[in-house]
Amino acid sequence: MATYQLEINGEQKSVEADADTPLLWVIRDHLKLDGTKYGCGIAQCGACTVHIDGTPIRSCVIPISRMEGKQVVTIEGLSEIGDHPVQEAWKDIDVPQCGYCQTGQIMSAAALLERIPQPTEEEIYRGMKGNVCRCGTYPRIVKAIKSVAKNQES
């Protein structure tokens, strides 16, 4: 085991873990931030999406040894009180059904809108393609992202 220093949600954290421990398990088990979900464990579903240096990344396949010097943001760090524009749109549009994938969906949507504030529908589908929703709430997800983009017009 080694000790790793990382910045998570704006705070410096020290974590003792094996080098190959996935970031997801460090977030959930060591740091007790359980908003980031385990879905598939092979970076195919997007439930474990976090931002690493502003980029949406699947935390289930990234070893902690690659995180030193990186800024990690989880769903808890997106907004302290859950009022990020994407989170608000998710509530307003009533996006979730079961809700399991939604933290990953929200993290991907927030990164997409940061990169492309006024995405086309095609850009939304492309930006969200790595996130799977078994309940099929895709039309509401797209509607929520469009509503944030519309509210950012000015």
Worksheet item: Hey, any chance Leu78 and Ile27 share a hydrophobic cluster, counting ILVMFWY side chains that come within less than 4.5 Å of each other, even indirectly?
Response: no
Discussion item. If you compare all heavy atoms of Ala111 against all heavy atoms of Gly54, which two are closest, and at what distance to 0.1 Å?
Written reply: CB-O, 4.2 Å
Practice prompt. Given side-chain contact (heavy atoms from CB on, under 4.5 Å), test Tyr125 with Ile145 step by step and report yes or no.
Written response: CA-CA 10 Å; Tyr125 281 113; Ile145 293 168; over 6 Å; no
Discussion item. Using a 6.0 Å cut-off, check whether atom CZ of Arg115 has over 12 heavy atoms from anything other than its own residue.
Written reply: yes
Worksheet item: With the 4.5 Å side-chain cut-off for hydrophobic clustering, are Ile75 and Val148 part of the same group?
Response: yes
Fill in: Cluster link Trp90 to Val142, ILVMFWY, side chain under 4.5 Å
yes
Discussion item. The test is side chain to side chain donor-acceptor pair (under 3.5 Å); show your working for Asp20 and Ser65 and say whether it passes.
Written reply: CA-CA 7 Å; Asp20 61 350; Ser65 59; over 6 Å; no
Worksheet item: When you check the gap from the basic side-chain N to the acidic O, do Arg126 and Glu123 get nearer than 4.0 Å?
Response: no
Worksheet item: Quick one: does Lys37's side chain have a donor or acceptor within less than 3.5 Å of a partner on Thr49's backbone?
Response: no
Item to complete: May I ask you to decide if Tyr38's main-chain N or O and Tyr100's side chain share a donor-acceptor pair within less than 3.5 Å?
Response: yes
Worksheet item: To the nearest 0.5 Å, what is the distance between CG (Leu6) and CZ (Arg66)?
Response: 14.0 Å
Discussion item. Within this structure, what is the NE2-CD1 distance for the pair His84 and Ile106, rounded to the nearest 0.5 Å?
Written reply: 9.5 Å
Worksheet entry | Lys143 versus Ile93, closest heavy-atom pair with distance | CG-CD1, 3.7 Å
Worksheet entry | Backbone of Gly104 reached by a side-chain donor or acceptor of Asn131 within 3.5 Å | yes
Worksheet entry | Side-chain donor/acceptor of Arg58 to backbone N/O of Gly130, under 3.5 Å | yes
Worksheet item: If only atom types and distance count, is the side chain of Asp83 paired as donor or acceptor with the main-chain N or O of Glu88 below 3.5 Å?
Response: no
Item to complete: State, with a plain yes or no, whether a side-chain heavy atom of Val72 is found less than 4.5 Å away from one of Met67.
Response: yes
Worksheet item: So which heavy atom on Pro119 is nearest to which on Leu113, and how close?
Response: CD-CD2, 3.7 Å
Worksheet item: For the atom pair OG1 (Thr103) and CD (Gln87), what is the distance rounded to the nearest 0.5 Å?
Response: 10.0 Å
Worksheet item: So, does Glu76 use its side chain to make a donor-acceptor pair with the main chain of Gly35 at under 3.5 Å?
Response: yes
Worksheet item: Is it true that Glu11 and Lys13 make a salt bridge, defined as a side-chain N closer than 4.0 Å to a carboxylate O?
Response: yes
Practice prompt. Indicate the atoms forming the closest heavy-atom contact of Val26 with Ala17, along with that distance.
Written response: CG2-CB, 4.4 Å
Worksheet item: Would one find more than 12 heavy atoms of other residues, nucleotides or ligands at under 6.0 Å from atom CD of Glu68?
Response: yes
Practice prompt. Return yes if some donor-acceptor pair links the side-chain N/O of His51 with the main-chain N/O of Met107 below 3.5 Å, else return no.
Written response: yes
Discussion item. Show, in sequence, the C-alpha distance, side-chain angles and deciding distance for Leu112 and Ile124, and conclude whether the side-chain contact (heavy atoms from CB on, under 4.5 Å) test is met.
Written reply: CA-CA 8 Å; Leu112 169 67; Ile124 292 171; 4.2 Å; yes
Worksheet item: For the side chain of Gln152 and the backbone of Pro117, is there at least one donor-acceptor N/O pair under 3.5 Å apart?
Response: yes
Practice prompt. Report yes or no: do Val50 and Leu24 belong to one cluster of Ile/Leu/Val/Met/Phe/Trp/Tyr joined by side chain heavy-atom distances under 4.5 Å?
Written response: no
Item to complete: Determine whether Leu31 and Trp25 fall in the same hydrophobic cluster, where Ile, Leu, Val, Met, Phe, Trp and Tyr are linked whenever their side-chain heavy atoms lie under 4.5 Å apart.
Response: no
Worksheet, complete the sentence: Distance col, row Leu23:CG vs Ile62:CD1, nearest 0.5 angstrom, shows 8.0 Å
Practice prompt. Would you indicate whether Glu16, at its atom CD, is surrounded by more than 12 heavy atoms from other residues, nucleotides or ligands within a distance under 6.0 Å?
Written response: yes
Response to the item:
From the list Gln102, Arg140, Arg134, side chain to side chain contact (heavy atoms under 4.5 Å, CB included) partner of Gln97 resolves to Arg140
Worksheet entry | Distance-minimising heavy-atom pair for Gly77 and Asn9 | CA-OD1, 3.2 Å
Practice prompt. Look at the side chain of Asp53 and the backbone N and O of Gln71, then say whether any donor-acceptor pair between them is shorter than 3.5 Å.
Written response: yes
Item to complete: For Ile42 and Cys60, work out which heavy atoms get closest and say how close.
Response: N-SG, 3.7 Å
